[in-house]
*Asks:* 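If you scroll down you'll find the structure; I have some questions about it.
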Number of protein chains: 2
Amino acid sequence: MNISTRQLRAFIALSENRNFTRAASVCHLSQSAFSSLIRQLEESLKVRLFDRNTRNVELTAEGREFDLSARRVLAEFDAAVSNMHARAVLERGRVSIALLPSLAADWLPAVLAGFHAAHPGIDLAVADVLSEPCIERVRSGQADFALAAIRADTPELRAEPFCSDGFHLVCRKDHPLAAHPKPRPRDVAAWPFIHLSRTSSVRQYIDAATLPQAMPAVLEVDQLATVAGMVEAGLGISVVPSLALYQFRSAKLSIRPVKWAGLTRRIYLVRKRDQGFSAAAECFYDWAMARRPQPIKSA
Amino acid sequence: MNISTRQLRAFIALSENRNFTRAASVCHLSQSAFSSLIRQLEESLKVRLFDRNTRNVELTAEGREFDLSARRVLAEFDAAVSNMHARAVLERGRVSIALLPSLAADWLPAVLAGFHAAHPGIDLAVADVLSEPCIERVRSGQADFALAAIRADTPELRAEPFCSDGFHLVCRKDHPLAAHPKPRPRDVAAWPFIHLSRTSSVRQYIDAATLPQAMPAVLEVDQLATVAGMVEAGLGISVVPSLALYQFRSAKLSIRPVKWAGLTRRIYLVRKRDQGFSAAAECFYDWAMARRPQPIKSA
DNA sequence: CGATCTTACGGGATTCGTAAACATA
DNA sequence: TATGTTTACGAATCCCGTAAGATCG
C-alpha cells in the first residue's frame, strides 16, 4: 500500500477530465499506464473512486469525498516543495547575523542594502551586540554566523579571520592633542578619557595596548555614538576603532590613526562547526566576505 | 522530480531519530536504501535537509522548515486514506434514501434502527416524500436509491421490484361496514370516504380499483396519520395500504383486508442506472432487501 | 579503531508503452 | 461500427539489499 503523489495527480486529472484518454495525456502517460495508476489507487484505498463504462466516467460518492482531500493534500505538498525551491534559488529565505555594534552601524548598512536589493525575498535579522552575546547567538542557533572580536574556536564553533581594524584618536580640534605630531600612550594618558564599557572588545584592546599606563576615565559609556557626543562636547578624548569612524564625522573633531603596538583589533567570523549554511546564509556569507573592510592573511 | 510519501516518511523518521541506521530500521529498509531515499529527496527539492557527518545528523534550517510542511502533508494524507478505508469497511459513510411516507413510518423504523446498531458510523438520511419527489431525489443525486410506487425505468434510472402491498378497509367498530361480511367497492361507496391527496400513489390505486364507482370524498388530506385520526373520529372510512397499518392500531377501529381486482400496490427500488452504490449504500441496500416486507417474484 | 554514512553493483520488482481484446451506445 | 477502457506482455526503469569504501571522533 504505497500511494504516490503521481497517483493523486492522476486522480485529479481524471476527476477533472472525466475521460481516461485526455487525463492520461495531461499526465504525459499512455492511456494504459494511466489506467493502471487509477486501478492501483483504487486497490490501495480499497474503494472504487470512479463509475466508468466505455462512454462515461464519473466520480463515485467516495471519489467525491477523496477529491476534496486529494486536492488539499496536493496543494499543501506543492506549496511545501515550491517553498523549498524558492529557498534554493534565493527567492526566499532568512539570514540572521550577530555582529559588533561598530560594524553594525558603519560597515553593515551599505552591505545590507545592496544585498537586500539583490535578493529582496530574503528576510534579514541583525543583532548588534557585543562579542560574547554574538557568540552566544550562534551557539544557540539564533544567528547563522557572527562577526565578533573573539576567536571562538571550540568543538562546537569554528572561527575564521574576517578583517582587522585599526584605531583612531579622536578629540576636539581645539584640544591640545590635536596639534601633537605623534601622540603616544603616555601623551594621551594626560587627558580625561571617554571609555567604553569594560566588556567591550574595544576597551579591552585599549587597556592592553596602553599598559602600564591607565587612561584616566572621566566617563564610561556603552555606545560609540555616546562617545562621539561626549568628545565633541569637550568632556574628554577617546581612541576608537577605525571601522566606527563614520560615527565621528564632525567638523569639530580631529581624527588621527594611532599605531600603538598590538593595537589592531581582529574580527572573526564565527559559525557552527558542523552545520552548513542555509542557501540564503551561504549567499549572504559570500556577499559579506566579498565586501569585508580589509582582508587579512588567513591564520 | 517525483517525490513519494515514503520519502516524506523517511524524512520524518530521520528528523526524529537523527540517525540513518535507526531511522532506516523504523522504515523497514536497509540503511543504504534509506540513504538514497533521503538523497533523492534532497535532490528533488534542490535543498540540503540534513547536516550530517559520521557522528551526527541534524536538520538544516531548510530541513526544519520542510519538517513542518511534511508532517502536515502526511497527516492530511493519512487522514484521507484512513477515511477511505473506514468507508470501505463500513466504519464510516453515508446513505441517503427517499421513500414513501407509508414505508417511512411503518416499515423503515425497525429496519433503520437495526442497521444503525450494526453500523453506528454510517450516517443516514431519509426523505419521506411521495413517489415523484422520491424519483427526483435519485435523479439529482440527493438519494442513493428510492422506494417508490413508480416503475421508473429510463435511460438514467433503473427500477427493480421491491415488494407489493395490499390494502385494508378501516372504519370504526361501530360503523355498519364493520359488520359487513365482504365489502365490495359499491358497499364502501355508500359511505363518506377519507381520501389522500390525488398525487399519492395510494389514491391512484384506489381510484383505479373502484372504477366506475367514485368514493364520496368528505375530506382529502395529505398524511395517513391524519386519515387515521379522521376515521377514528367517525368522520368517514378509508382504504389504506397494508404496510401502513401500524398507524391505524386502535381499539376503536375495525381493520380488514380488501382484495379488489388490481388493488395491489407494487413498490420499486429505483437507482441510477450506471452509477454503483457506495460501500455504505450497498450495505444498506443488502440490509433493506433482506428485510423487505414480502418478496415478490422478480419481473 | 569503531561507528556511521556513502558508493558500487547485481538481482528483482515495478512501471511503461504497444497492441490486441473487450464493452457499450 | 466507432469510441474508449481494460488486459497482455516484452522492455526499460527504478529500487532494494549486500558489501566494500570513506570519513569523522
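Just so you know, these numbers use all the heavy atoms, side chains as well, and skip hydrogens, waters and symmetry mates. Residue numbers start from 1 in every chain, and the chains themselves are labelled A, B, ... in the order their sequence lines are given, proteins ahead of strands.
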*Asks:* Figure out the CD/P separation between A:Gln275 and D:dC24, and round it to whole Å.
*Replies:* 17 Å

*Asks:* Nearest whole Å is fine: how far is C:dT4 P from B:Leu14 CG?
*Replies:* 13 Å

*Asks:* How bent is the helix from C:dC1-D:dG25 to C:dA25-D:dT1, comparing axes over its five end pairs at each side, to the nearest 10°?
*Replies:* 30°

*Asks:* Salt-bridged, B:Glu42 to B:Arg52, with N to O below 4.0 Å?
*Replies:* yes

*Asks:* Identify which one of A:Arg273, A:Arg158, A:Arg271 satisfies the salt bridge (Lys or Arg N to Asp or Glu O under 4.0 Å) criterion when paired with A:Asp153.
*Replies:* A:Arg273

*Asks:* For B:Arg265, check salt bridge (charged side-chain N to carboxylate O under 4.0 Å, His left out) against everything at least two apart and list the hits.
*Replies:* B:Asp165

*Asks:* CD of A:Glu42 versus C1' of D:dT5: gap in Å, rounded?
*Replies:* 12 Å

*Asks:* Do the side-chain N or O atoms of B:Arg52 get closer than 4.0 angstrom to the phosphate oxygens (OP1, OP2) of C:dT6?
*Replies:* yes

*Asks:* Which whole-number value in Å describes the distance from B:Arg22 CZ to C:dA3 P?
*Replies:* 14 Å

*Asks:* Please tell me whether A:Phe277 and A:Phe145 form a close aromatic pair, meaning their ring centres lie under 6.0 Å apart.
*Replies:* yes

*Asks:* Expressed in angstrom and rounded to an integer, what is the separation of A:Arg158 atom CZ from D:dG25 atom P?
*Replies:* 11 Å

*Asks:* Does a side-chain N or O from A:Thr21 land closer than 4.0 Å to OP1 or OP2 of D:dG4, or not?
*Replies:* no

*Asks:* Return the polar atom pairs (N/O with N/O) between nucleotides 8-16 of chain D and the protein under 3.5 Å, or none.
*Replies:*
unit_1, atom_1, unit_2, atom_2, d
D:dC16, OP1, B:Arg6, NH2, 2.2

*Asks:* Polar pairs (N or O, both sides) under 3.5 Å between protein and nucleotides 22-25 of chain C?
*Replies:*
unit_1, atom_1, unit_2, atom_2, d
C:dT24, O4', A:Thr54, OG1, 2.9

*Asks:* So, B:Ser44 side chain and B:Gln40 main chain: donor-acceptor pair closer than 3.5 Å or not?
*Replies:* yes

*Asks:* When you look at CD of A:Glu76, are more than 12 heavy atoms from neighbouring residues, nucleotides or ligands closer to it than 6.0 Å?
*Replies:* yes

*Asks:* Could you go through residues 22-30 of chain B and list every donor-acceptor pair under 3.5 Å that involves a side-chain atom there, pairing it with any protein atom two or more places apart or in another chain?
*Replies:*
unit_1, atom_1, unit_2, atom_2, d
B:Arg22, NH2, B:Asn17, O, 3.1
B:Ser25, OG, B:Arg22, O, 2.9
B:Ser30, OG, B:Ala33, N, 3.1

*Asks:* Distance check needed: D:dT23 P versus B:Asp51 CG, whole Å only.
*Replies:* 17 Å

*Asks:* Measure from the side-chain N and O atoms of B:Ser82 to the backbone N and O of B:His85, and report whether any donor-acceptor pair falls under 3.5 Å.
*Replies:* no

*Asks:* Atom CD of A:Gln31 and atom P of D:dT7: how far apart are they, to the nearest Å?
*Replies:* 11 Å

*Asks:* Mind checking if A:Asn19 touches a base, just sugar-phosphate, or nothing, with heavy atoms under 4.0 Å?
*Replies:* sugar-phosphate

*Asks:* Using a cut-off of less than 4.0 Å, is there contact between a side-chain N or O of A:Ser35 and OP1 or OP2 of D:dT6?
*Replies:* yes

*Asks:* Below 30° counts as parallel, above 60° as perpendicular, anything between as tilted: where do the rings of A:Phe11 and A:Phe50 land?
*Replies:* tilted

*Asks:* Run the side chain to side chain donor-acceptor pair (under 3.5 Å) test against B:Glu282 and tell me which residues pass, sequence neighbours left out.
*Replies:* none

*Asks:* Kindly say whether B:Ala279 contributes a backbone atom to a donor-acceptor pair with the side chain of A:Glu62 at under 3.5 angstrom?
*Replies:* yes

